[in-house]
Amino acid sequence: MMPGPDPDLAGFERLLRDTHRTVFQVAYAVLANAADAEEVSQDAFLRAYQKFSSLRDPRKFRAWVARMSWRLALNRRRANFRSLRRDGVWYAGRSAPNNPEAEASAREFESRVQEHIAGLPEKLRSALLLSSVQGLDARTVGMILKVPEATVRSRLYLARRQLLKTLLP
Amino acid sequence: MNACLNWREELIDHALGQSPSAALTAHLGACAGCSEALEAWRQKAAQMDAGVQQLTTAEPRAQGPERVLAQIQELSAGKPLYGRIALAVLILTVTVVAVLYRLTPAKKVVSLPVMALSGWHSPTEALLHSAADPLLKSVPHLGEKFFETKPAGDKNAQ
């Protein structure tokens, strides 16, 4: 990769630290694999650095770099089927189960949710997953997906509705 | 927990946070099954939202930004070298082209249409000349004829 124009590194570093977690989680929402998401978010930041001088409004940095991460993650998912496998991080943040039966039931439910999300249409799934990333509001999700904010809200509602219906008896 | 079938869709919307219509509110006041189903579906929706949230709650490595910055530093360090090589190649190319241009003798440039026009002859020139031109140019003197003819009496003499 050839480097682009030399941006203000200090300014870039501040934005990088502010948005790193969000950009990683956007990639993780697509790839469901922490190692792959790390690589993709890193790649997104390097690209962002190279094109940093073309960004007119620094306030849009979060959406701008998150979109890069999103696109790169989608490309990686298409190219790499192993990323479809969950690597266990879904459960990583949990404490040791006090009630193994309840824990098993919760895992089964989450597994069903995950399965049904995979069955949603792409547009609804994208809106649902991106909206669940902390720090991304509907407006930012709209900027990532290049659709109006109202469309994001509408798709999010439809996705939740479709998902709930599949989980009901 | 049996919801009335004709209220099912509205109950789902209500469980997801939509405001109920007046008719649904009235029905919920009268139907224990629908009220019970609504409560259960609200819990299910909350579980579902939590499950979706879990899909993106993985945390990145703490050294992530440092790794990105290190790569940026590497790129920046390599940048002046690329620039110098590119500049040297450009200067060399310009010099070679200039020298070659000086060494090449200047040629008179004649455009193709002009060359074609210089070799063209009008077809009327051929029409102005004929095989009888020398004959026509010689004027007969007094008593001379253009053509020698035999007298008419010679035929009888033979």
Side-chain angles (χ1 to χ4, degrees), chain A residues 1-4 6-7 9 12-13 16-17 20-21 23-29 32-34 37-38 41-46 48-50 86-87 89-94 106 109-114 116-117 128-134 136 157 159-161 163-169, chain B residues 1-3 5 7-19 33-34 36-86:
Chain A
M1 277 189 296
M2 287 289 289
D6 196 17
L9 190 58
F12 184 83
E13 185 181 345
L16 162 68
R17 291 190 188 282
H20 180 252
R21 190 166 173 266
V23 171
F24 166 81
Q25 289 185 342
V26 164
Y28 186 80
N33 180 292
E38 282 281 357
S41 59
Q42 197 165 320
D43 200 8
F45 277 116
L46 286 175
Y49 172 76
Q50 287 171 332
R86 292 267 159 197
D87 62 358
V89 181
W90 175 298
Y91 308 108
R94 300 186 163 203
F109 178 77
E110 283 173 0
S111 177
R112 276 177 66 203
V113 170
Q114 182 188 337
H116 290 306
I117 287 173
L128 181 72
L129 290 174
L130 284 174
S131 299
S132 70
V133 173
Q134 281 179 10
L136 291 186
Y157 185 75
R160 288 178 68 228
R161 196 176 198 284
L163 204 53
L164 181 61
K165 282 179 87 169
T166 58
L167 296 169
L168 294 180
Chain B
M1 193 181 63
N2 287 324
L5 271 179
W7 289 103
R8 184 182 165 88
E9 297 300 316
E10 270 200 68
L11 277 173
I12 289 172
D13 286 329
H14 192 26
L16 286 169
Q18 296 279 310
S19 300
C34 281
E36 203 180 325
L38 176 65
E39 202 48 49
W41 293 358
R42 274 181 174 154
Q43 283 178 19
K44 200 69 119 178
Q47 273 182 308
M48 175 190 81
D49 288 340
V52 172
Q53 200 77 41
Q54 284 289 328
L55 282 172
T56 54
T57 49
E59 291 296 325
R61 274 186 286 193
Q63 311 88 344
E66 276 66 34
R67 291 179 67 187
V68 174
L69 289 169
Q71 288 209 355
I72 287 173
Q73 299 283 8
E74 276 177 34
L75 284 175
S76 301
K79 188 180 177 183
L81 190 63
Y82 286 127
R84 281 176 198 167
I85 292 170

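Letters A, B, ... are given to chains in the order of the sequence lines, protein chains preceding strands, and every chain is numbered from 1.
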Where B:V68 and A:L46 come nearest, the two heavy atoms and their spacing
O-CD2, 4.1 Å
Would you say the side chain of B:R8 lies within less than 4.5 Å of the side chain of A:L168, judging by non-hydrogen atoms?
yes
Using non-hydrogen atoms only, which part of A:Q42 is less than 4.5 Å away from chain B: side chain, backbone, both, or neither?
both
Residue part contacting chain A, namely of B:D49, when any heavy atom lies under 4.5 Å
side chain
Test of understanding: with side-chain contact (heavy atoms from CB on, under 4.5 Å), list the residues that count as partners of A:Q134, not counting sequence neighbours.
A:R21, A:Q25, B:Q53
Which pair of heavy atoms, one from A:F24 and one from B:A58, lies closest together, and at what distance?
CE2-O, 3.3 Å
Under a 4.5 Å cut-off applied to non-hydrogen side-chain atoms, are B:E9 and A:R161 in contact?
yes
Among A:L164, A:V26, A:L167, residue most engaged with chain B (heavy-atom pairs, under 4.5 Å):
A:L164
B:I72 versus A:Y49, closest heavy-atom pair with distance:
CG2-CZ, 3.3 Å
Could you check if a side-chain atom of B:P65 sits within less than 4.5 angstrom of a side-chain atom of A:E13, using non-hydrogen atoms only?
no
Shortest non-hydrogen separation from A:Y157 to B:Q18 and the atoms involved
OH-CG, 3.1 Å
So, do A:H20 and B:R61 sit near enough that their side-chain heavy atoms are less than 4.5 Å apart?
no
Side chains of A:R17 and B:L69: does their closest heavy-atom pair fall under 4.5 Å?
yes
Roughly how far, to the nearest 0.5 Å, is the CZ atom of B:R67 from the CZ atom of A:F45?
13.5 Å
Does any part of the side chain of B:V52, heavy atoms only, come nearer than 4.5 Å to the side chain of A:L163, both counted from C-beta?
yes
Which residue out of A:R112, A:H116, A:R160 racks up the most heavy-atom pairs below 4.5 Å with chain B?
A:R160
Please report the closest heavy-atom contact between A:A29 and B:T56, naming both atoms and the distance.
CB-CG2, 3.3 Å
